[in-house]
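I have placed the structure first, in the form of structure tokens, so that the comments after it can refer back to it.
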Amino acid sequence: MRVDAVRDDRVTGLTIRFTDDPVPVPPLFDDIIRGHLASRARTRTNSAANNPYVFPGLRAGSHITRSQLKTELNALGIDVLAAKNTSLDELVAAMPAPMVADALGYSYTALGQHEQYRGVRYRSYVSGRMPD
């Protein structure tokens with residue numbers, strides 16, 4: 001995400017543009033985003049002011065990579081893989097796995113495993129809804 005996608009306006013407040021329409025940032029997060037933008041880390045060879053990305057990478061003019069972000073989050077004690085798996089488990093418990101797979105680009109097999117792990121695989125079948 002580029003810095004110019006974030007706009008701070010007195011009338012509309014802080015917004016982020018992912019597509020054509022800007023999305024308002026909830027008040028709970030706007031100070032966090034403003035603080036991050038004001039104190040972005042410099043790269044090895046350039047200042048943060050010259051980097052166009054909200055999350056600068058290690059190389060000048062580049063954005064943070066997936067592996068670099070994972071490493072930094074893990075160093076802070078955030079287990080990215082566990083968070084992803086827990087999120088997928090919760091999603092397949094709330095809605096059918098094929099819908100989640102289609103929406104997020106996962107395979108049916110992968111989310112079927114999450115369904116099985118959660119114990120909700122056949123819950124939506126008629127026999128699964130009948131009392132014993």
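Heavy-atom basis, side chains included; hydrogens, waters and symmetry copies ignored. Since this is a predicted model, take the numbers as computed values, not measurements.
By the 4.5 Å heavy-atom criterion applied to side chains, Ile33 and Ile16 are counted as neighbours. When side chains are defined from C-beta on, Tyr108 counts as touching Asp102, because their heavy atoms get closer than 4.5 Å.
His63 places no side-chain N or O within 3.5 Å of a backbone atom of Arg2 that could act as its donor or acceptor partner.
Taking the six-membered ring for Trp, Tyr106 and His114 have ring centres at least 6.0 Å apart.
When the salt bridge (Lys or Arg N to Asp or Glu O under 4.0 Å) test is applied to Glu90, the partners found at least two apart in sequence or on another chain are Arg118.
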Scan the side chains in residues 69-87 for donor-acceptor partners under 3.5 Å anywhere in the protein, sequence neighbours excluded, and list what turns up.
residue : atom : partner : partner atom : Å
Thr71   : OG1  : Ser67   : O            : 2.8
Glu72   : OE2  : Gln68   : NE2          : 3.2
Asn74   : ND2  : Lys70   : O            : 3.3
Asp79   : OD1  : Leu81   : N            : 3.3
Asp79   : OD1  : Ala82   : N            : 3.3
Asn85   : ND2  : Leu81   : O            : 3.4
Thr86   : OG1  : Ala82   : O            : 2.8
Ser87   : OG   : Ala83   : O            : 2.9

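In this structure, CD on Glu115 lies 8.0 Å from CG on Leu111, to the nearest 0.5 angstrom. Interatomic distance, Tyr53 OH to Met1 CE, rounded to the nearest 0.5 Å: 12.5 Å.
Two different hydrophobic clusters hold Leu104 and Phe18 under the rule that ILVMFWY side chains link at heavy-atom gaps under 4.5 Å.
Counting only residues at least two apart or in different chains, side chain to side chain donor-acceptor pair (under 3.5 Å) contacts with residues 3-30 comprise Asp8-Arg34, Asp30-Arg34.
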